[in-house]
Amino acid sequence: MLFTDEEIFEAARTIRVSLPELLNAQTAQTCDRQLSDLLNSDDEAGEVAPQILEVLTAHDEIKVWLANFLGEAQKGFSPLAGEGSPVLADKFVCPVGNDYTWKQRTSAQQPPLCPTHQVPLIPVNQP
């Protein structure tokens, strides 16, 4: 299964918040720093995406997360029968480097600072 560069970039932005839950502290910090450096690189997306994928597939714990994330990105959406309303999960991103994505699960959660740039995350309008 092939993935677009943007799907790989979005996976890298999104997993950063979960790294401490998936890996030991030192490995999580190293992986986060590598992803941050790659996401903020001035290199072409086509050159950086394979490097990001290499970081993301270096650990079994991340491979499972990645397979789930990218699998969901590849699935089509079919609404359930009957009337329903969308579940809104507010998405926030780093305004400086667009290298960190955080999704709000409850209205009580407050967005963290971007760990790379130490700036408040900004909301993104989602379809």
Checklist entry - So with a 6.0 Å cut-off around CD of Q26, is the heavy-atom count from everything else above 12? => result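 For Q26, atom CD is not crowded (no more than 12 foreign heavy atoms under 6.0 Å).
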Checklist entry - Would the number of heavy atoms belonging to other residues, nucleotides or ligands and lying under 6.0 Å from CD of E54 be above 12? => result no
Quick one: [atom1] on [X] to [atom2] on [Y], what's the gap to the nearest 0.5 Å?
{"X": "L121", "Y": "L113", "atom1": "CG", "atom2": "CG", "result": "7.0 Å"}
{"X": "D32", "Y": "D99", "atom1": "CG", "atom2": "CG", "result": "8.5 Å"}
{"X": "C31", "Y": "L22", "atom1": "SG", "atom2": "CG", "result": "9.0 Å"}
{"X": "E61", "Y": "E21", "atom1": "CD", "atom2": "CD", "result": "13.0 Å"}
{"X": "L35", "Y": "I62", "atom1": "CG", "atom2": "CD1", "result": "7.0 Å"}

Checklist entry - Where do L19 and T27 land on the side-chain contact (heavy atoms from CB on, under 4.5 Å) test, with the steps shown first? => result CA-CA 9 Å; L19 289 173; T27 305; over 6 Å; no
Next on the checklist: Holding to side-chain contact (heavy atoms from CB on, under 4.5 Å), I want the full list of residues that pass it with D42, two or more places apart in sequence or in another chain.
Outcome noted: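 Partners of D42 under the side-chain contact (heavy atoms from CB on, under 4.5 Å) test: none.
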Item to check | Partner residues of V119 under the side-chain contact (heavy atoms from CB on, under 4.5 Å) criterion, sequence neighbours left out | outcome: C94, P95, V96, C114, H117
If you look at every heavy atom in [X] and [Y], which pair is closest and at what distance?
{"X": "P111", "Y": "W102", "value": "CA-CZ3, 3.5 Å"}
{"X": "P50", "Y": "G46", "value": "CD-O, 3.2 Å"}
{"X": "P123", "Y": "F92", "value": "N-CD2, 3.5 Å"}
{"X": "T116", "Y": "R16", "value": "OG1-NH2, 2.7 Å"}

Taking C-beta and beyond as the side chain, do [X] and [Y] meet within less than 4.5 Å on heavy atoms?
{"X": "L39", "Y": "I52", "result": "yes"}
{"X": "I8", "Y": "V48", "result": "no"}
{"X": "T101", "Y": "V124", "result": "no"}
{"X": "Q109", "Y": "D90", "result": "no"}
{"X": "F9", "Y": "N98", "result": "no"}
{"X": "I122", "Y": "V93", "result": "yes"}

Next on the checklist: Applying ring-ring contact (aromatic ring centres under 6.0 Å, His included) as the test, list every pair that has at least one member in residues 10-68; sequence neighbours left out.
Outcome noted: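 Checked against ring-ring contact (aromatic ring centres under 6.0 Å, His included) - neighbours excluded - the pairs reaching residues 10-68 are W65-F69.
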Next on the checklist: I'd like to know whether T57 forms a side-chain contact (heavy atoms from CB on, under 4.5 Å) with L66, so could you lay out the CA-CA distance, the side-chain angles of the two residues, the decisive distance to 0.1 Å, and finally the verdict.
Outcome noted: CA-CA 8 Å; T57 57; L66 184 64; 4.0 Å; yes
Checklist entry - Is E7 reaching over with its side chain to a backbone N or O of T4, donor-acceptor style, under 3.5 angstrom? => result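 Checking the backbone N and O of T4 against the side chain of E7, a donor-acceptor pair under 3.5 Å is found.
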